[in-house]
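Below is one structure, written out as structure tokens, with a few remarks after it.
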Amino acid sequence: MSEALSIAPSAARALPQHPALWRGGELARMRVPGVPTGFAALDRELPGSGWPVSSLVEIMPAHEGIGELRLLGPALARLSAAGRYLVWVAPPHLPYAPALAAAGIALARLVIVRPRAPQDALWAAEQALRAHVCGAVLAWPAAGVDYATHYTELRRLQLAAEGSRALAFLFRPPNAAHSASPAGRRLALDTAPGGLAISITTRRGAPLAHPI
């Protein structure tokens, strides 16, 4: 027979201020601060005030080249300046070295991985995270691969991210927003007058009412 849990009135009044308690209407408190994105408005809307360490982030641009790498540029530059390696798995195009250098990214810290088979991108990204030598791992889904049917691989990638101290980014098409994902953060990117519109579709906290 179970017993009812009794909480003293004084403890009940103090409970809302407990540091381990999270309310659904506010951003979660993170044990490890995030890596600043370089954009103050975005940092304010991300738990941990930046890109989360040890968590998978999905980036879903409306179309390729919309500005997704420019969005990650400040964080990648910070990590490479600290001597951390940046691993890019199956990028759709060869990175343009002068642009990366102009963004402050140390080219000597950039590693490009080309899997033998396109469907091996998730596996390669998982291995990079488990190596514990990277500051960030970026992976692009293979064209024609239905990742909605690869939830197990996505879950393995999320677990690998949790066991690392790196940033983990997975680039997916916009229709991926309709499929389940273990990612702790999901951002949809679209064009906006004079810049980029960012919608945070998944985060631990109240939904974002308007794009950034």
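What's counted below: heavy atoms across the whole structure, side chains too, no hydrogens, waters or symmetry copies.
- Going from atom CG of Leu154 over to atom CG of Leu56 covers 7.5 Å, rounded to the nearest 0.5 Å.
- Atom-to-atom distance recorded for Arg172:CZ and Ser181:OG is 5.5 Å, nearest 0.5 angstrom.
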Which pairs would a plain distance check flag for residues 99-114, meaning a side-chain donor or acceptor within less than 3.5 Å of a matching protein atom at least two apart in sequence or in another chain?
unit_1: Arg109; atom_1: NH1; unit_2: Gly83; atom_2: O; d: 3.2
unit_1: Arg109; atom_1: NH1; unit_2: Tyr85; atom_2: OH; d: 3.3
unit_1: Arg114; atom_1: NH1; unit_2: Pro91; atom_2: O; d: 2.6

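- Looking only at side-chain heavy atoms (C-beta outward), Arg155 and Leu159 come within less than 4.5 Å of each other.
- Counting all heavy atoms, side chain and backbone alike, Ile66 lies closest to Thr191 at CD1-N, 3.6 Å.
- Across every non-hydrogen atom of Gly38 and Pro74, the tightest pair is CA-CB, 3.9 Å.
- Annotation for Pro47 and Arg203: closest pair CD-CB, 4.4 Å, computed over non-hydrogen atoms.
- Taking the side chain as every heavy atom from C-beta outward, Glu64 and His93 approach each other to under 4.5 Å.
- Arg130 CZ: more than 12 foreign heavy atoms inside a 6.0 Å radius.
- Nearest heavy-atom pair, Pro115 versus Ala121, reported as atom, atom and distance to 0.1 Å: CG-CA, 4.0 Å.
- Every pair passing ring-ring contact (aromatic ring centres under 6.0 Å, His included) that includes a residue from residues 48-81 is listed here, sequence neighbours excluded: Trp51-Phe169.
- Annotation: side-chain contact (heavy atoms from CB on, under 4.5 Å) contacts of Ala128 (sequence neighbours excluded): Val87, Cys134, Val137.
- At a threshold of 4.5 Å between side-chain heavy atoms, the hydrophobic network of Ile, Leu, Val, Met, Phe, Trp and Tyr places Val89 and Trp123 in two separate groups.
- The backbone N or O of Gly163 lies less than 3.5 Å from no partner atom in the side chain of Ser54, so there is not a single donor-acceptor pair.
- To the nearest 0.5 Å, the span separating CG on Leu46 from CD1 on Ile212 amounts to 6.5 Å.
- At least one side-chain heavy atom of Leu129 sits less than 4.5 Å from a side-chain heavy atom of Ser164.
- Pro36 places a side-chain heavy atom less than 4.5 Å from the side chain of Arg78.
- Rounded to the nearest 0.5 Å, atoms CE (Met60) and CD1 (Ile198) are 12.5 Å apart.
- Taking both residues in full, the closest heavy atoms of Glu126 and Ala160 are given as CG-CB, 3.8 Å, listed atom of the first, atom of the second, then distance.
- Once rounded to the nearest 0.5 Å, the distance linking OH of Tyr151 with CG of Leu157 reads 12.0 Å.
- Here CD of Gln127 is found 11.5 Å from CG of Leu122. Values are rounded to the nearest 0.5 Å.
- A continuous path of hydrophobic side-chain contacts links Trp88 to Leu189 [ILVMFWY only; heavy atoms under 4.5 Å].
- Within the 4.5 Å cutoff, the side chain of Leu138 has no heavy atoms near those of the Leu86 side chain.
- Residues Glu58 and Arg185 are not paired through a salt bridge, judged by the lack of any N-O separation under 4.0 Å between the basic side chain and the carboxylate.
- Between Val57 and Leu170, the closest side-chain pair of non-hydrogen atoms is not below 4.5 Å.
- Side-chain contact check for Leu167 versus Leu76: every heavy-atom pair is 4.5 Å or farther apart.
- Between the side chains of Ser49 and Asp43, no donor-acceptor pair is found at a separation under 3.5 Å.
- With contacts defined as side-chain heavy-atom distances shorter than 4.5 Å, the pair Arg165/His132 does not qualify.
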